[in-house]
J.: 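Right, I'll just put the structure down here and ask away after.
Order of the sequence lines sets the chain letters (A, B, ...), proteins ahead of strands, with each chain counted from 1. Just so it is clear, the structure is predicted and the values come from calculations on it, not from any experiment.
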Amino acid sequence: MQRNIFKNTSFTCFLLALLFSFSIVAQETTVDDYKLSFSFKTIKKFDNTRVLEVTFIGKNREDRKDKIPVFDAEIKFFNIANDEEILLGTAKTSNEGIAQLVLSEKQKYLTDEDGYINLTARFEGSDVLDAEEEEILVKDLHLELNLEEIDSVKTIFVKAFTIDSLGVQMPVEEVDVIVSIEGMLSKMKIKEGTIENGEIEFELLQNIPGDVDKNFTVYAQILDNDEFGDVIQKQTVNWGTFNKLNTPDKNKLWSEAAPIWMYIVLTILLVGVWANYMYTIYNLYKIKKEGKKINISQEEE
Amino acid sequence: MNLENRKRELVKEFSPMLEKTTKVSKIWMGILVAVILVGIYAFFLQLFKGHEVTGMRDNVVWGVYIINFIFFVCLSYSGAFISGILHFFKTPWKNSVSRIVEIITVLSLIIGPIFILLCIGRLDRLHYLFLYPRIQSPITWDIIAIMTDLVGCFIYLYLTFIPDLAILRDNSENAPKWRQKLYKFLAIGYQDTTEQRETLHKITKTMSAMIIALAIVAYSVLAWIFSLTLQPGWNSSIFAPYFIIAGLYSGVSVIIVAMFLIRKYYHLEHYIRKVHFVSGGIILLIISLLYGYFTFSEYFSRWFSHKIQDTNLLNTLFTRYFWQFVLANYVGVLVPVVILFFKKFRTIKSITFASVIAILGLWLNRYLIVVPTLETPYLPIQDTRPEFIHYTATWVEWALSFTGVAAFILFFILIMKLVPVIPMSGIIDQEREALDKKGKTNQTITE
């Protein structure tokens, strides 16, 4: 409900919403009661695009459950190297306080001498909110995912490497990776392990349910890595099984149509009873007809 | 003996019952109308304000309305059952009670279902029951059974009325014209010829057999509305026969009370004699023993199985509903049994008293079947107001309940103004049979 109230304000921060909101809580609460959290992360996706994401929320200092997103705040994203600052783009925080910028796979980054990309997210502040800035240093990791069936064993190969200035692939070490399968609502974790010498392989379970065409999607994810950030790779493969959908029950106590015996019994009962009613009415008609005849003959006499 | 003259005599004998309304009778009818008017006010109050004016809430969704519904509908079924048996087996003393039973059957079957309508919160959606019926639902079966039974009972009642209507048509020269026209229309040209008489007897007998079968089916369906659920206190395999016996218990009791009142008020001691009360009393004794046996079996198996929900229910019956339980299941059964068991207690008044106790006991028994069960559900509502958990009937519910009873009595009196409560045709039939027998005997002697 609070979100809806704040949404109508044109101001870029949550403070005015707090000050002018008509809720009792808002009247008693000030911006000082909230600690602002400005977190920044990068995700390299399977199509080699890179997502820069800022989460900007205010957390109540006393009540941990009370979190208010800072929405409509303009965030600027930079790539910085050797005092050179390149603006990658800007994005505004959503109703949930999240600002995202998607950089294409062709985006060129400035790196330092160790190959690190300096990415910075900046909120330049407003009348009531202070400026915020956070930087992260990541290396551009290349994650490859190969699915092969070797001697009837479905195997997942994950390969991770960086490319140095000379264009040579440099395998990575000691990087944790999670393999999961895309489900209806979220990703289901299948295996996890540590990449050594740039490679790791997993044996996949048998009889994993797929879609109608027996396809399912395998993900390899490196998450919250200090050196590489989030890196995701995925592959769709035709290794699944398809269980036919249960056909809805017919003619059961719980189905739309009743069991056939019920219709038969009910019909027999009702037809029997109503036929008897009809027979009775027919006989009454006969009595009436005879009565009429008698009346006519009496009148004639 | 000339039967036509005898018919004339009978009409003369019964016509004061039909045409004259005494001062006492008018006062009684006035009181009944007043009760009905209060009920109509209560009905509109409920219609406009909703079920808020009743004691029914989220937990206890059924109250005295459903109890009245079961009571009246069971009364009707038992009436149909008894009436069917009286006609089908040509019971010797049937003539004195058959019309009382038939009127009780039809009236209670009209009034009973009205109570179920009062239970429904959204009457505007009532037609959905007919538009989207589920054949698997006992509620649907009950609607079909009640409607079929109502039509059957009407036809049956009408069949038994026809010969009397014909007698009244032919012998009511001094009656008002509207009455003469009504008799002529309803008598459908019945002239009591041998052929007509045989046809009428044949279809009445078939209908009486049909009515017995229908009553058993409808009784069972009504019991299944409860017993096919998993609710503690309801989920029982003996509920259908238990309902049949309980229905007969109330039915016979109401017939005895009606016989007593009609006999006393209309001075029909010549027709409704002590023998009828004693016979009714013995039937009531047998049924009360059966009813007591079923009641004991029902509670005993629940107590012995000691399932948590059943135990909770029984605890409620022995604490919150202690006195009602004692009145319903001890007083309501044992007092009639004791009175009716000993021959010296079998007077008209004591048999009628036993019947009144049986009626009240049975109504309370119905209350204990419905309300305590709804108050002890599988998932108890927590942290809510006590009035949402427990049920107490409001004045609106009581007013509408008494309106049902008042309407029942009022319509009974009005029907007795249309045709005699003792079937004249039955008396004529008996005398005709006696004449035939005599004629045959004479013929044999002559031969």
J.: Can you tell me how far apart CH2 (B:W141) and CE (A:M262) are? Round to the nearest 0.5 Å.
T.: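 The CE atom of A:M262 is 4.5 Å from CH2 of B:W141, to the nearest 0.5 Å.
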J.: Determine whether a donor-acceptor pair (N or O, by modelled atom type, separation under 3.5 Å) exists between the side chain of B:Q136 and the backbone of A:P259.
T.: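 No, the answer is negative, given that no donor and acceptor are paired below the 3.5 Å cut-off.
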J.: Does atom NZ of A:K59 have more than 12 heavy-atom neighbours, drawn from other residues, nucleotides or ligands, at distances under 6.0 Å?
T.: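 No, NZ of A:K59 has 12 or fewer neighbouring heavy atoms, counting only those of other groups under 6.0 Å.
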J.: For the atom pair CD1 (B:I135) and CG (A:L253), what is the distance rounded to the nearest 0.5 Å?
T.: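 That separation rounds to 12.0 Å.
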J.: With a 4.5 angstrom heavy-atom cut-off, is it the side chain or the backbone of B:I155 that approaches chain A, or both, or neither?
T.: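 Contact with chain A is through the side chain of B:I155 alone.
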J.: For atom CD of A:E62, is the number of surrounding heavy atoms from other residues, nucleotides or ligands below 6.0 Å larger than 12?
T.: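 Counting other residues, nucleotides and ligands, CD of A:E62 stays at 12 neighbours or fewer.
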J.: Testing the basics here: between A:I287 and B:Q196, what is the closest heavy-atom pair and its distance to 0.1 Å?
T.: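 Shortest heavy-atom separation between A:I287 and B:Q196 comes out as O-NE2, 2.9 Å.
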J.: Using a heavy-atom distance cut-off of less than 4.5 Å, which residues of residues 208-241 of chain B contact chain A?
T.: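 Residues in range: B:M210, B:L214.
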J.: To the nearest 0.5 Å, how far apart are CG in A:L270 and CD1 in B:I144?
T.: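 Here the interatomic distance stands at 6.0 Å.
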J.: Could you look at B:Q191 and say if it's the side chain, the backbone, both or neither that has a heavy atom under 4.5 Å from chain A?
T.: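 For B:Q191, the contact with chain A is made by the side chain alone.
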J.: Give the intermediate values and the outcome of side-chain contact (heavy atoms from CB on, under 4.5 Å) for residues A:T280 and B:Y156.
T.: CA-CA 9 Å; A:T280 305; B:Y156 180 63; over 6 Å; no
J.: Taking atom NZ of A:K293 and atom OG1 of B:T193, what is their separation to the nearest 0.5 Å?
T.: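 Going from NZ on A:K293 over to OG1 on B:T193, the span is 11.0 Å.
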J.: Are more than 12 heavy atoms from other residues, nucleotides or ligands located less than 6.0 Å from atom NZ of B:K184?
T.: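 12 or below, so no.
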J.: Surrounding NZ of A:K45 (heavy atoms of other residues, nucleotides or ligands, distance under 6.0 Å), is the total greater than 12?
T.: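 Atom NZ in A:K45 is not packed in, count stays at 12 or less.
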J.: Around B:F130, counting heavy atoms of other residues, nucleotides and ligands shown, do more than 12 lie under 6.0 Å from its CZ?
T.: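 Buried by this count: over 12 neighbours within 6.0 Å.
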J.: Walk me through whether B:V151 and A:W274 qualify under side-chain contact (heavy atoms from CB on, under 4.5 Å).
T.: CA-CA 9 Å; B:V151 175; A:W274 283 91; 3.8 Å; yes
J.: For the CZ atom on A:F242, are there more than 12 heavy atoms of other groups (residues, nucleotides or ligands in this structure) within a distance under 6.0 Å?
T.: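 Yes - once you tally the heavy atoms of other residues, nucleotides and ligands closer than 6.0 Å, there are more than 12.
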J.: Please check if atom CD in A:E134 has more than 12 non-hydrogen atoms from other residues, nucleotides or ligands closer than 6.0 Å.
T.: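 Counting neighbours around CD of A:E134, more than 12 heavy atoms of other residues, nucleotides or ligands fall under 6.0 Å, so yes.
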J.: Give, for atom CD1 of B:I203 and atom OH of A:Y277, the distance between the pair rounded to the nearest 0.5 Å.
T.: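 Between B:I203 CD1 and A:Y277 OH, I get 13.5 Å after rounding to 0.5 Å.
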J.: Please step through side-chain contact (heavy atoms from CB on, under 4.5 Å) for the pair A:Y279 and B:M207, ending with a clear verdict.
T.: CA-CA 10 Å; A:Y279 174 72; B:M207 275 303 291; over 6 Å; no
J.: With a sphere of 6.0 Å drawn around CG of A:D224, does it hold more than 12 non-hydrogen atoms of other residues, nucleotides or ligands?
T.: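 Count not over threshold, so no.
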J.: Taking A:A258, A:G272, A:A257 one by one, which has the highest count of heavy-atom pairs under 4.5 Å against chain B?
T.: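 Looking at each option in turn, the highest pair count goes to A:A258.
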J.: Taking side chain as everything from C-beta outward and backbone as N, CA, C, O, which of these in A:L266 sits under 4.5 Å from a heavy atom of chain B? Side chain, backbone, both or neither.
T.: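 For A:L266, the contact with chain B is made by the side chain alone.
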J.: Please check: side-chain N/O of B:Y190 versus main-chain N/O of A:L284, any donor-acceptor pairing under 3.5 Å?
T.: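 Absent.
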